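Step one of this worksheet: look at the structure below.
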Amino acid sequence: MRTDVQCLAGDPVVPGYLAKTYWWAYVHPRAVRLFERKWLVNLILWGNFGRLRDAALGALGEQLAGRTLQIACVYGDLTARLAARVANGAHLGVVDVLPIQLDNLARKLPRDAGVELIHGDSTALPLESASYDRALLFFLLHEQPEEVRRATIAEALRVVKPGGRIVIVDYHRPCRLNPLYWPMVGVLRTLEPYALDLWQHEISDWFPRGARVAAARKQTSFGGLYQLITVTV
């Protein structure tokens with residue numbers, strides 16, 4: 001099965017906040033060429049990319065039967081390693097609102113990887129309700145304004161089946177004694193204008209009211225700078 005980009009519900013428009021705020025990281029072709037370097041992604045995460053990637057994959061499971069969804073493309077080898085865990089006859093889909101990111105991912109994956117690349121908006125996924133067994137959001141929510149973040153979480157909860165799992169990895173407010181506390185305040189205020197929301201709120205604060213959530217477990221790492229949340233729906 002070839003790895004091709006599919007558009008399941010018309011051409012989604014690139015959100016204005018994304019084009020304005022993150023053109024330098026995701027939208028411009030030069031940005032893709034610059035950031036698609038594993039060493040650079042690892043540097044941005046203070047040497048923790050591999051640990052955070054492996055923690056996310058571990059939370060999803062060793063062998064992934066059924067249907068798995070990754071919401072938003074990720075620089076580095078996360079998706080390739082995720083695809084390697086998909087069981088024979090199972091399915092992996094990756095959805096992103098930016099065609100340039102889907103094209104970049106398609107170039108990284110083997111043509112016979114069998115990963116479905118879906119052009120769609122995380123706030124209005126072109127997918128049926130309860131159609132996936134699990135979903136992964138890896139450093140996505142901190143890049144979204146609050147109303148977009150709420151909608152993204154609601155959509156992830158909608159498309160995952162009862163008894164399924166959602167894994168979220170993102171920033172978290174570190175311990176004050178963490179030497180990166182104040183440097184990260186400066187970095188995030190300058191480059192990631194929505195990220196400090198995750199220092200001031202629990203991600204569960206943005207779950208929709210009355211959401212179908214059986215359990216949510218949070219783990220932090222690197223002095224509290226990062227969090228991994230496993231949601232059972």
Side-chain angles (χ1 to χ4, degrees), residues 22 25-26 31-32 34-64 68-86 92-96 101 104-105 108-109 115 122 134-144 149 152-153 156 160 164-188 191-192 194-204 206 215-232:
Y22 287 105
Y26 301 112
V32 177
L34 173 63
F35 284 99
E36 191 54 82
R37 291 173 168 84
K38 186 177 177 180
W39 68 265
L40 181 55
V41 176
N42 195 40
L43 179 64
I44 292 168
L45 294 174
W46 302 102
N48 287 283
F49 173 74
R51 295 184 188 91
L52 294 165
R53 175 203 63 207
D54 292 348
L57 296 176
L60 287 169
E62 289 298 322
Q63 188 173 44
L64 304 178
T68 302
L69 179 66
Q70 178 185 318
I71 302 177
C73 295
V74 176
Y75 290 130
D77 62 355
L78 170 72
T79 307
R81 291 185 179 241
L82 178 58
R85 293 186 175 223
V86 174
L92 172 61
V94 181
V95 61
D96 202 291
Q101 288 294 326
N104 179 59
L105 178 55
K108 291 192 293 181
L109 295 172
V115 179
S122 67
R134 63 195 66 84
L136 172 63
L137 293 84
F138 192 86
F139 284 93
L140 171 63
L141 298 180
H142 78 276
E143 296 176 339
Q144 298 181 322
R149 191 180 306 127
T152 293
I153 293 171
V160 172
R165 179 178 300 176
I166 299 171
V167 173
I168 301 169
V169 177
D170 220 309
Y171 286 112
H172 182 271
R173 183 172 186 160
C175 168
R176 286 266 185 175
L177 296 178
N178 189 321
L180 292 175
Y181 185 99
W182 289 111
M184 284 303 297
V185 169
V187 169
L188 297 179
L191 299 176
E192 308 259 27
Y194 314 112
L196 289 175
D197 287 357
L198 275 69
W199 287 32
Q200 298 164 357
H201 298 274
E202 296 288 346
I203 285 178
S204 58
W206 298 303
R217 176 170 171 261
K218 183 177 79 172
Q219 302 167 273
T220 62
S221 60
F222 204 60
L225 183 57
Y226 307 114
Q227 62 182 315
L228 184 153
I229 298 177
T230 304
V231 180
T232 304

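No experiment lies behind these values; they were computed from the predicted model shown. Counting from 1, the numbers follow the sequence of the chain as shown. As a basis for the values below, the full set of heavy atoms in this structure was taken, side chains included, without hydrogen atoms, waters or symmetry mates.
- With sequence neighbours excluded, the residues forming a ring-ring contact (aromatic ring centres under 6.0 Å, His included) with Y171 are F139, H142, Y226, listed by chain and number.
- Atom CG of residue L191 and atom OH of residue Y22 lie 8.5 Å apart, to the nearest 0.5 angstrom.
- Looking at heavy atoms from C-beta onward, V167 lies out of side-chain contact with I229 at the 4.5 angstrom threshold.
- Across V41 and F35, no two heavy atoms sit closer than the pair CG2-O, 3.5 Å.
- Between the side chains of R217 and T230, no donor N or O sits under 3.5 Å from an acceptor N or O.
- Checked by atom type, the side-chain pair Y194/R149 shows no donor-acceptor distance below 3.5 Å.
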Applying side-chain contact (heavy atoms from CB on, under 4.5 Å), run through R165 and V231 and close with a yes or a no. CA-CA 6 Å; R165 179 178 300 176; V231 180; over 6 Å; no
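- Annotation: side chain of V187 is not in contact with side chain of L180 (no heavy-atom distance under 4.5 Å).
- Expressed to the nearest 0.5 Å, how far CG of L57 lies from CG of L78 amounts to 5.5 Å.
- Side chains of L228 and K218 form no contact here, defined as non-hydrogen atoms less than 4.5 Å apart.
- For R85, the salt bridge (charged side-chain N to carboxylate O under 4.0 Å, His left out) partners at least two apart in sequence or on another chain are E62.
- Between L137 and A156 the shortest heavy-atom distance is CD1-CB, 4.3 Å.
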Show your reasoning for whether side-chain contact (heavy atoms from CB on, under 4.5 Å) applies to N48 and N42. CA-CA 6 Å; N48 287 283; N42 195 40; 5.5 Å; no
Check the pair Y26 / Y75 against ring-ring contact (aromatic ring centres under 6.0 Å, His included), numbers first and verdict last. CA-CA 10 Å; Y26 301 112; Y75 290 130; 5.7 Å; yes
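- Considering every non-hydrogen atom in both V169 and A56, the closest pair reads CG2-CB, 3.7 Å.
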Any chance you could lay out the side-chain contact (heavy atoms from CB on, under 4.5 Å) test for I203 and L198, step after step, and finish with the verdict? CA-CA 7 Å; I203 285 178; L198 275 69; 4.2 Å; yes
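- Rounded to the nearest 0.5 angstrom, R51 CZ and F222 CZ are separated by 7.5 Å.
- Judged by distance alone, the side chains of Q144 and S122 do bring a donor and an acceptor atom under 3.5 Å apart.
- A donor-acceptor pair shorter than 3.5 Å cannot be found between the side chains of D170 and Q227.
- For H172 and W199, the ring centers are positioned 6.0 Å apart or more.
- Across A72 and L140, no two heavy atoms sit closer than the pair CB-CD1, 3.9 Å.
- When the salt bridge (charged side-chain N to carboxylate O under 4.0 Å, His left out) test is applied to R81, the partners found at least two apart in sequence or on another chain are D77.
- Between I168 and L141, the closest side-chain pair of non-hydrogen atoms falls below 4.5 Å.
- Side-chain contact check for I71 versus L136: every heavy-atom pair is 4.5 Å or farther apart.
- Below 30°, between 30° and 60°, or above 60°: for H201 and W206 the angle between ring planes is between 30° and 60°, a tilted geometry.
- In this structure, the side chain of Q219 does not engage the main chain of S221 through any donor-acceptor pair within 3.5 Å.
- The shortest side-chain heavy-atom distance between F49 and L43 does not fall under the 4.5 Å cut-off.
- Contact of the Q70 side chain with the T79 side chain is registered, since non-hydrogen atoms from C-beta on lie closer than 4.5 Å.
- Nearest heavy-atom pair across N178 and G223 is ND2-O, 3.4 Å.
- Smallest separation of non-hydrogen atoms from N104 and E36: ND2-OE1, 2.7 Å.
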